[in-house]
There are 2 protein chains.
Amino acid sequence: MKSIEWINGKVRIIDQTRLPENLVFLEIDDYIELCDAIKRLRVRGAPAIGIAGAFGVVLGIKKMNEEKFKINDYVSEVIKNIRSIRPTAKNLFWALDRMYNKLSAFSGESMEKVKEEILKEALDIYREDEEISRKISENGSEMIKDECSILTHCNTGFLVTAGIGTALGIVYKAVEKGKKVKVYADETRPLLQGARLTAWELKSKGIDVTLICDSSAAFLMKKGLIDCIIVGADRIASNGDTANKIGTYNLSVLADKHNIPFYIAAPHSTFDFSIETGDEIPIEERKPEEVSMGFGKRIAPEDIDIFNPAFDITPNNLITAFITEEGIYYPPYGNWKNLKKS
Amino acid sequence: MKSIEWINGKVRIIDQTRLPENLVFLEIDDYIELCDAIKRLRVRGAPAIGIAGAFGVVLGIKKMNEEKFKINDYVSEVIKNIRSIRPTAKNLFWALDRMYNKLSAFSGESMEKVKEEILKEALDIYREDEEISRKISENGSEMIKDECSILTHCNTGFLVTAGIGTALGIVYKAVEKGKKVKVYADETRPLLQGARLTAWELKSKGIDVTLICDSSAAFLMKKGLIDCIIVGADRIASNGDTANKIGTYNLSVLADKHNIPFYIAAPHSTFDFSIETGDEIPIEERKPEEVSMGFGKRIAPEDIDIFNPAFDITPNNLITAFITEEGIYYPPYGNWKNLKKS
């Protein structure tokens, strides 16, 4: 089961907003519709929205009728529209930059060829992501001890990559290697990706998982129930400061207090070497209704003020290591040489 | 508006499970029904369940037909049943002990007189609680600076006392004194007392309140948006270790990390001098459905394991001060002399 795929000229996604109650696949052949799906989090997770963005460019270009290709206003608009959907995750910009560079190289070529080549590029991104996710999982699984209890936040498994995932990929791989792993999944308010998606993923793969409210994490750590924390990332600055789902910074402070290793699992496309620190990462604020109406029922008075940041920044000094497809990076952070090449 | 009152031989409570959508009053004249209301959190909050427990004894005794009163099996059972409903909050046991002592003193008296006296004792507890809450609020309000931004967790206002509240009482009193106060309210998963009750209370009283998800608190602290944290308590050990709503320990660690004062506001009835440390406080675990089914919609796969502790323990070294009706207590904790007298 793939959370995102290119099938017969369409992007097929699992509608993640319908899980765990309904497993619904959507087939999308219009880039505006795909933008909407990204915006509504039908497809979500940093690597997956990178892939979705690349396919979005393919769908956008498909509509062009010119004989010879060039980057005109329409092409610029397609890329700009996709780029503007979500501001925090680097992977989307990374994928769009790569697609744009490919397009730039084909100026003057026949439209037909460009459509072919650009699809090929998107499928390359897709297949590379599958392989990257495999390597992250392999590298990370070596760090997991037998009889290990892992706390995770949000969702980072096969729903967010072309492969088996980032942080959850590590869990899958460790279990495949015969290690006994127990996962505690933060429910991850407001949109409950932990309860709806991580619990569902892990359970569907037979992994021992226990769901907790986000605010219980400290209690578990104090009780000695957590051996390590592994989460994904939406953007990593040059100095290692990391944007991830709101609540991640919270966990990193708690991990530090309880001497629990805190790992970030992410592909090279999440790193943003154009910025020095996390202060430069824009934090997406989302609709108050995600908080007040998220459970199918109003849970707060009407017209109440609500502050709903979707991400936070974990400073580099609270991160024990980064687990990437190129290996493990330990502090001091800054020398990412193998990653920089890619 | 009172969250709990004795009216015409009945206990009248606001059904807190129906807020904020519906303001429903329940009139209860049967102690078993009252036990059920406490269990289902129709009446909740440490001071309020102490009061409810005292009224429960009155309702239980009312059914006795003997001519002369003595503590028989029925009386023991009434008290035992009420005592067993919720294990963490000290106030319930404190109120029941006080009612039991009163009853003990009336052995051999006419049933009619005992019924009168025991109601008088419960009403004394009620009125004293009103006054205690006023004093806590007065004492605490002196510590609040003008232009202060306060983070709170769970609900500690007029819904949980006979008066204006503990932690929220301090907010009300500070505002009454003309101080400009902004409150950030943690929504407080799983039962959302912050979203449903605190936001509702504060809004109904015209206080500037912003609702956040529990996991956003760290982000706000890092941004410098929080000047202090004030919460209530369910039980305080001799050394100052404090049981309160799950997520409180989390906040205390974050407060320490960000150098933000962390205050506990509670009456003497919350202190348990029979135990030395928080390790001796039993933590109530509640039904998994509070997490998975809390708001009219299933949000996690069926049959998923869920760990749902209702409270956690904040260690004394993370508490800046205790705000009580007898004054403010600073570290080192242990000398609670004015409180011990009561």
Side-chain angles (χ1 to χ4, degrees), chain A residues 19-21 153 184 186-190 192 194-196 199-200 203-204 208-220 222 225 245-254 256-258 283 288 291-292 294-309 311-313 315, chain B residues 19-21 153 184 186-190 192 194-196 199-200 203-204 208-220 222 225 245-254 256-258 283 288 291-292 294-309 311-313 315:
Chain A
L19 290 172
E21 289 190 298
H153 193 68
Y184 285 97
D186 270 357
E187 65 172 2
T188 317
R189 279 284 283 154
L192 300 160
R196 295 190 302 106
W200 175 80
K203 197 172 153 64
S204 76
D208 179 2
V209 57
T210 296
L211 180 65
I212 60 168
C213 290
D214 303 325
S215 64
S216 300
F219 180 78
L220 269 71
K222 198 176 174 198
L225 294 174
K245 180 56 55 200
I246 187 76
T248 303
Y249 169 55
N250 185 359
L251 291 183
S252 73
V253 172
L254 296 172
D256 187 48
K257 165 82 179 174
H258 298 89
I283 298 294
V291 177
S292 62
F295 298 93
K297 186 177 164 181
R298 172 166 285 284
I299 53 123
E302 290 197 40
D303 302 326
I304 200 86
D305 289 334
I306 291 172
F307 180 50
N308 182 27
F311 303 94
D312 59 23
I313 308 290
Chain B
L19 289 171
E21 289 191 299
H153 192 69
Y184 285 97
D186 269 357
E187 64 172 1
T188 317
R189 279 285 283 155
L192 298 159
R196 295 189 302 108
W200 175 80
K203 196 172 154 63
S204 77
D208 179 3
V209 57
T210 297
L211 180 65
I212 60 167
C213 290
D214 303 326
S215 64
S216 300
F219 180 78
L220 269 71
K222 198 176 174 198
L225 294 173
K245 180 56 55 200
I246 187 75
T248 303
Y249 169 56
N250 185 358
L251 291 183
S252 73
V253 172
L254 296 172
D256 186 49
K257 165 83 178 175
H258 298 90
I283 299 295
V291 178
S292 62
F295 305 92
K297 187 177 163 183
R298 171 167 285 284
I299 54 125
E302 291 197 41
D303 303 327
I304 201 86
D305 288 335
I306 292 172
F307 180 51
N308 182 26
F311 303 95
D312 59 24
I313 308 290

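Just the heavy atoms: all of them, side chains too, but no hydrogens, waters or symmetry mates, feed the values below. Protein chains get the first letters and strands the later ones, always in sequence-line order, with residue 1 at the start of each.
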**OP:** Could you tell me which residues satisfy ring-ring contact (aromatic ring centres under 6.0 Å, His included) with B:Phe311, sequence neighbours excluded, listed by chain and number?
**Re:** none
Subject >> Residues which pass ring-ring contact (aromatic ring centres under 6.0 Å, His included) with A:Tyr184, listed by chain and number, not counting sequence neighbours >> reply: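 With neighbours one apart ignored, the set is empty.
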Let's test your reading of the structure: which of [options] forms the most heavy-atom pairs below 4.5 Å with chain B?
options                                : value
A:Ile246, A:Ile283, A:Asp214, A:Asp312 : A:Ile246
A:Leu254, A:Val209, A:Asp305, A:Asp256 : A:Asp305
A:Pro288, A:Ser252, A:Pro20            : A:Pro20
A:Arg196, A:Glu302, A:Glu187           : A:Glu187
A:Ile304, A:Ile299, A:Val253           : A:Ile299

Note, [X] side chain near [Y] side chain (heavy atom, < 4.5 Å):
X        : Y        : result
A:Lys257 : B:Lys257 : no
B:Ser292 : B:Ile306 : yes
A:Tyr249 : B:Ser215 : no
A:His258 : A:Lys222 : yes

Sort [X] into side chain, backbone, both or neither according to what part of it lies under 4.5 angstrom from a heavy atom of chain B.
X        : value
A:Ile313 : both
A:Pro301 : both
A:Leu19  : neither

**OP:** Give the C-alpha distance, both sets of side-chain angles, the deciding distance and a yes or no for side chain to side chain contact (heavy atoms under 4.5 Å, CB included) between A:Asp186 and A:Ile212.
**Re:** CA-CA 5 Å; A:Asp186 270 357; A:Ile212 60 168; 3.4 Å; yes
Subject >> Structural part of B:Asp303 lying under 4.5 Å from a heavy atom of chain A >> reply: both
**OP:** May I ask you to name which of B:Leu192, B:Leu211, B:Thr188 has the most heavy-atom pairs under 4.5 Å with chain A?
**Re:** B:Leu211
Original post:
When only pairs under 4.5 Å are counted, which of B:His153, B:Lys297, B:Lys245 shares the most heavy-atom pairs with chain A?
Top reply: B:Lys297
